Structure formats: structure tokens, C-alpha cells
Colleague: 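Can you read through this structure? Questions will come right after.
Since the model is a prediction, treat every value here as computed from it, not as a measurement. Atoms within each ligand, like the ligands themselves, are counted from 1 in listed order.
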Amino acid sequence: MTALVYLEQTDGAVDEPSLQAAALASSLAGGADVNAVVAGDTVELAPAGPLPVDAVHVAVHDAFGSYAPLAIAEAIVELAGRMGATSVVGPGTERGNEVLAHVAALLDLPLAANCVSVSGDGVTRVRWGGSLLEEARVDAPTLLLTVQPHAVAAEPGAGDPPRVDMFTPALSDAALALRVIERVGASTGGVSLADAKVVVSGGRGAGSEEGFAPIEELAELLEAAVGCSRAVTMAGWRPHTDQVGQTGTKIAPEIYIACGISGATQHMAGCKGAKRILAINADPEAPILQSADYAVIGDLHEIVPAISAAIRAVRSG
Ligand SMILES: Cc1cc2nc3c(=O)[nH]c(=O)nc-3n(C[C@H](O)[C@H](O)[C@H](O)COP(=O)(O)OP(=O)(O)OC[C@H]3O[C@@H](n4cnc5c(N)ncnc54)[C@H](O)[C@@H]3O)c2cc1C
């Protein structure tokens, strides 16, 4: 059994969802022959430090200077074919799912996306934004899957760093054409929404773009990421990168502070991994209260600044 896992990196460090995917790949291979692949425009991009894999293969090509999903997929297909991989695993992030979907299309094989567990050819995976778990059998010579973020514990690896190999993939013209040419920075103040320990989110109840000022202030005090509901992104008050939910980011913070958010199923699909939920809502009947551990009923424009003031008062002694 030879497993190949695609790793995504940020600033030279392997992302948490990729470490989770690596843990699942390792269990598929029985910990025996676990390989990782990363893509970069220089071999220097090989991740440093221990990882739960035997070898890291760095696909080096100028095309990987920016995100190029089809090119990454072609590199993965080339490598998987050469090593006779029995499974190819990726993180269940937007990019991980996109890259593995290209891999599946290139190999003309099914992809089981957003898996929470795998046993042989049987997979359990998240469907419909988390409202149901599907059990399926994958009938394919190579198991292609992505791992639902936060469903599997990450294993950072121990001992010596894995062996690093470098290869230059042969890429098609089509693959070279499909790439990111411009980036627009996210507005989460440097704290990644997906990995934040604390998230302060606002919904339609915030009332306007300016209505997010007290939410941002509280988030800054708590070193938290700012999130929001789709009602907010649809209104253009916040960018889509801030959206929590089925069609936004899936989060698993220690505490989720939801201000003026009703708790629609599609929103809760993104925050049900939160260990605790504090709901601040004017409506004592709001659906989010059924999932909340703590609730404050009232106007968020009074309550949120009051919490910030209380935190400042405590900190100033
Ligand atoms: C296919 C599909 C995918 C979707 N994906 C997502 C998704 O990823 N994420 C997502 O969030 N939604 C998603 N939605 C939309 C979702 O169904 C809801 O419409 C949306 O979550 C509602 O946002 P909201 O809670 O901010 O607004 P509302 O439902 O309008 O709720 C506003 C809340 O604010 C409270 N409130 C109002 N004023 C105040 C105040 N001054 N102080 C305190 N509380 C106040 C109200 O009591 C109410 O509970 C999706 C929908 C579909 C169909």
C-alpha cells in the first residue's frame, strides 16, 4: 500500500488541514509507505522539520510560483503513476478539493471529497454542508479522497525530517494557463479564520459595514479572527473570505462569538466544530440559541462594546 498525500503550505509551514490529511494517509498505508507531494517554484520550498511521512517529493516548476491547480494535479498524477500509489489524499480545503478534483478528472476516477473516516474501500464523508454523513464504497483501482478539516487529528511527526526528493513535472499548455495572477488580501487582521482559536462573527444584525466596528474591536482585544454570515457577504459589508458556513469557511475555534446571526443550517454547517458558542441576539427565539452554550439576549450594538469595555477594565487592573 503506497499512499501519496498532497500538502499545502503557508509561509513555509504545512497547513493544519494538510497535516490532518497526512495522518489519514499514514493510516491508509499502515504507516509503511507514506509519501507527500508539495509544489513550488524552487526546491527550497520543501517543508522543514518532522512530518508523519517517509518522503516529501517537491514538484519544482516556474508554474508553481502562483497557485496553478491543474498543473499541481498533473504533477501529482505523474508522481502517483511512477510510484504506483494505491491512494492519493488531499486536504478538504477549497484548494485541496479543487486540485484533487483535477486529479480525478485526469485519471477518470471517482473522488470521495470531505471524508471523515476510511476503512478499506469504504468511506464516510460529509455531505450537504454537514447536515448528513454519507457511507459509500469507492470502486476504483486508486482511492482518491480529501479529508474534511478537523475530522482527523493532525500528527506533526516525530524524529528525523523525511527524505526530500525533487522532480520537474511535464506540464501541458492548458495546465500552465490556469493559474492565479492576482491576490487580494483577506481582512482578518492576520489571524486565519480557519485556524483561529477565537472567532467573533457578525450577521445581518450588525446592520451595516460600519456596524462591524465593535465586532472588529472585540476581535482585536481577543486576538480573534472576524467572521460573518452569508447575509453579510451578500450585502457587500464583508468579503467572502470572512464567510462562515456551508459555502464559506469551516471553523473549529475554542469559542465562537456569533453576534446578530440567526443560526441558519447553512451557517451552522461552518461553525459546528466550535467547542463553545456564545450567541448575542435580540431575539430569544433565534435558532442559534439551540446550539449555543451561552447567550446574551439584546442589542449587539450595546452588548459587544460593553464586553470590550469590561475586558479593558479587567486588563487595566
Ligand atoms: C445553498 C446555500 C448556501 C448557504 N451558505 C451559507 C453560508 O455558508 N453561511 C451563511 O452564513 N449562510 C449561508 N446561507 C444563507 C443562510 O440560509 C441564511 O440566510 C444566512 O445565514 C442568514 O444570515 P444572518 O443570520 O446574518 O441573517 P438573518 O437570518 O436575517 O438573522 C439576523 C439575526 O440578527 C438578529 N438581530 C437583528 N438585529 C440585532 C441586533 N441589533 N442585535 C442582536 N441581534 C440582532 C436577529 O434576531 C436575527 O436572529 C446559504 C444559503 C443557501 C441556500
Colleague: Output, in order, the C-alpha distance, side-chain angles, deciding distance and verdict of salt bridge (charged side-chain N to carboxylate O under 4.0 Å, His left out) for K275 and E254.
Modeller: CA-CA 5 Å; K275 294 214 173 52; E254 296 294 320; 3.4 Å; yes
Colleague: Which ligand 1 atoms are under 4.0 Å away from a heavy-atom of S229?
Modeller: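 So the atoms of ligand 1 that pass are 11 (O), 23 (O), 24 (P), 26 (O).
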Colleague: Can you find a non-hydrogen atom of C228 under 4.0 Å from ligand 1?
Modeller: no
Colleague: Which residue and non-hydrogen atom of the protein lie closest to atom 22 (C) of ligand 1, and at what distance in Å?
Modeller: A231 CB, 4.1 Å
Colleague: Any Lys/Arg nitrogen of E135 or R127 sitting under 4.0 Å from an Asp/Glu carboxylate oxygen of the other?
Modeller: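 Not counted as a salt bridge, because no side-chain N and carboxylate O are separated by less than 4.0 Å.
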Colleague: Give a yes-or-no answer on whether the side chains of E98 and Y67 include a donor-acceptor pair shorter than 3.5 Å.
Modeller: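 Looking only at side-chain atoms, Y67 and E98 do form a donor-acceptor pair, the distance falling under 3.5 Å.
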Colleague: Using distance alone, decide if ligand 1 has a nitrogen or oxygen within less than 3.5 Å of any nitrogen or oxygen in G260.
Modeller: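 Yes - when backbone and side-chain N and O of G260 are compared with those of ligand 1, one distance drops under 3.5 Å.
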Colleague: Inspect the contact between E94 and K250 and indicate whether a charged nitrogen and a carboxylate oxygen are less than 4.0 angstrom apart.
Modeller: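 Answer for the salt bridge query: no.
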Colleague: Give yes or no for whether the N/O distance cutoff of 3.5 Å, strictly under, is met between G263 and ligand 1.
Modeller: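 N/O-N/O distance below 3.5 Å does not exist for this pair.
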Colleague: For D165 and R163: C-alpha separation, side-chain torsions, deciding distance, then whether salt bridge (charged side-chain N to carboxylate O under 4.0 Å, His left out) applies.
Modeller: CA-CA 7 Å; D165 293 332; R163 187 184 81 241; 3.2 Å; yes
Colleague: So is H267 polar-close to ligand 1, meaning N/O to N/O under 3.5 Å?
Modeller: yes
Colleague: Between E8 and T93, is any side-chain donor less than 3.5 angstrom from a side-chain acceptor?
Modeller: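 Present: a donor and an acceptor within the cut-off.
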Colleague: Under 4.0 Å from any heavy atom of A264, which atoms of ligand 1 are there?
Modeller: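 Checking each atom against A264, I get 16 (C), 17 (O), 18 (C), 21 (O).
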Colleague: May I ask whether atom 5 (N) of ligand 1 is less than 4.0 Å from at least one protein heavy atom?
Modeller: yes
Colleague: What atoms of ligand 1 come within less than 4.0 Å of a heavy atom belonging to T247?
Modeller: 3 (C), 4 (C), 5 (N), 6 (C), 7 (C), 8 (O)
Colleague: Quick check: V244 and ligand 1, any N/O pair under 3.5 Å apart?
Modeller: yes
Colleague: Under 3.5 Å, is there a donor on one side chain and an acceptor on the other for H57 and N35?
Modeller: yes
Colleague: Could you tell me, atom by atom, which parts of ligand 1 come under 4.0 Å of a heavy atom of D299?
Modeller: 40 (C), 41 (N), 42 (N)
